[in-house]
Amino acid sequence: MKHPYIPYGRQYIDEEDIQAVVDVLKSDYLTTGPKIHEFEKKVADYVGCKYAVCVATGTAALHGACYAADISANDEVITTPMTFAATSNSILYLGGKPVFADIDPRTYNIDPLEIEKKITKKTKAIIAVDFTGQPAELFKIKDLAQRHNLIFIEDAAHSLGAKIKDSQGNWQKIGSIADITTFSFHPVKHITTAEGGMICTNDPKLYEKLTLFRSHGITRSPGLLIDKSHGKWYYEQQFLGYNYRLSDLQAALGISQLNKLDSFIKRRREIAALYDKAFSESIFKNRITIPYQAPHTKSSYHIYILKFNLSAIGKSREEIFNKLSDLNVGVNVHYIPVYYHPYYQYLGYSKGLCPIAEKLYENIITIPLYPGMSNEDVNYVIKSIKDV
Ligand SMILES: *Cc1c(COP(=O)(O)O)cnc(C)c1O
């Protein structure tokens, strides 16, 4: 009998989550009601930031971050090629130019030294990604950004609940270190609202801009109105915003999910530890590299990536990938370097820009990791990899 399919990632939904959504369906507000603010407050408290603005997707959150950072035509923004296309697409939405800086070969995160090499007079911002859930060199990048007067955006779609040690040696949760931190609540991420995202900041000016950005650029706030001569019906569109609002149904799901976040992360770390142990066994020596964890970071493990020494194994990555798929192990590859995509090639990017990321891409496979995975599932994945 074939083992049931094990996806690389999936949501964990329980009866409390379902009830939370049903309760909203029976209430007065399906959208822009009380759940929105409650969800924002809860996320802000969890990550330790002053302001949080929820939006329709993680991509909308990145778009908002770039908008609030005032990125416009001719501005360059430095980012990593080892990410989902949405990270650099958000720069393009504003007419900016993504500039790709290569990664650290151990952590797979953007390398601060490579960022520094790419800074020019046109550089406006840096977008780092906490790849796989391990925080990027946030304090080094923050320092770099301050020295060069750049805005630092952290795409934390992978890293809700992750921590990094500051210069005093204290652990800090990510979410208030960069100028703007964005999260995604897609079903494979740490918590889900089906689709959804959050933008976190400590800056009241950025916060104000983001709340308008989310809703057409429109405000009703008496304090923000430019023309104060109208009646109570009056509202103003002050710039070109979007309808990127999250619904109360989704916010209620998010609140309920957040109650379980610490247990989700605990389980993700447990599974990662089981994988670390299994793939450190002698039969995998010189064949498989487990994900390196810098001692000053605590990953929240969005995904688990194995790096294969293909020549020692004597198989191609495709063979390994296909065999694992045939065994119902949900494998994936994170990521195709962004600028390999035809659209980026069309924009004029060419292969060879970031050799370390490109080399890594050739050798990696993402294996299943999600909180609902049983130990039996984990053991099946390990056994399948051994067999292959
Ligand atoms: C998931 C993800 C996004 C986009 O989030 P959506 O909610 O799917 O729009 C952006 N960046 C990274 C690194 C992601 O993994």
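Remember, it's 1-based here, ligands and their atoms both numbered in the order they're listed. It should be emphasised that the depicted structure is a prediction, and the values quoted were computed from it without experimental measurement.
A donor-acceptor contact closer than 3.5 angstrom links the side chains of Thr366 and His334.
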request  = Take Lys41 and Glu38, measure what salt bridge (Lys or Arg N to Asp or Glu O under 4.0 Å) needs, and give me the verdict at the end.
outcome  = CA-CA 5 Å; Lys41 171 102 178 45; Glu38 192 184 331; over 6 Å; no
task = Given salt bridge (Lys or Arg N to Asp or Glu O under 4.0 Å), test Lys323 with Asp387 step by step and report yes or no.
result = CA-CA 10 Å; Lys323 282 192 169 149; Asp387 290 350; over 6 Å; no
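In this structure Lys266 satisfies the side chain to side chain contact (heavy atoms under 4.5 Å, CB included) test together with Glu270, sequence neighbours excluded.
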List of N/O pairs, ligand 1 versus protein, all under 3.5 Å?
{"from": "ligand 1", "atom 1": "5 (O)", "to": "Ser184", "atom 2": "OG", "distance (Å)": "3.3"}
{"from": "ligand 1", "atom 1": "7 (O)", "to": "Gly58", "atom 2": "N", "distance (Å)": "2.8"}
{"from": "ligand 1", "atom 1": "7 (O)", "to": "Ser184", "atom 2": "OG", "distance (Å)": "2.7"}
{"from": "ligand 1", "atom 1": "9 (O)", "to": "Gly58", "atom 2": "N", "distance (Å)": "3.3"}
{"from": "ligand 1", "atom 1": "9 (O)", "to": "Thr59", "atom 2": "N", "distance (Å)": "2.8"}
{"from": "ligand 1", "atom 1": "9 (O)", "to": "Thr59", "atom 2": "OG1", "distance (Å)": "2.5"}
{"from": "ligand 1", "atom 1": "11 (N)", "to": "Asp155", "atom 2": "OD2", "distance (Å)": "2.8"}
{"from": "ligand 1", "atom 1": "15 (O)", "to": "His158", "atom 2": "NE2", "distance (Å)": "2.9"}
{"from": "ligand 1", "atom 1": "15 (O)", "to": "Lys189", "atom 2": "NZ", "distance (Å)": "3.0"}
{"from": "ligand 1", "atom 1": "15 (O)", "to": "Tyr335", "atom 2": "OH", "distance (Å)": "3.3"}

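Residue Tyr304 holds its OH atom at 8.5 Å from OH of Tyr275, rounded to the nearest 0.5 Å.
Stacking of Arg267 on the aromatic ring of Tyr12 is not recorded, the 6.0 Å distance cut-off and the 45° axial limit not both being met.
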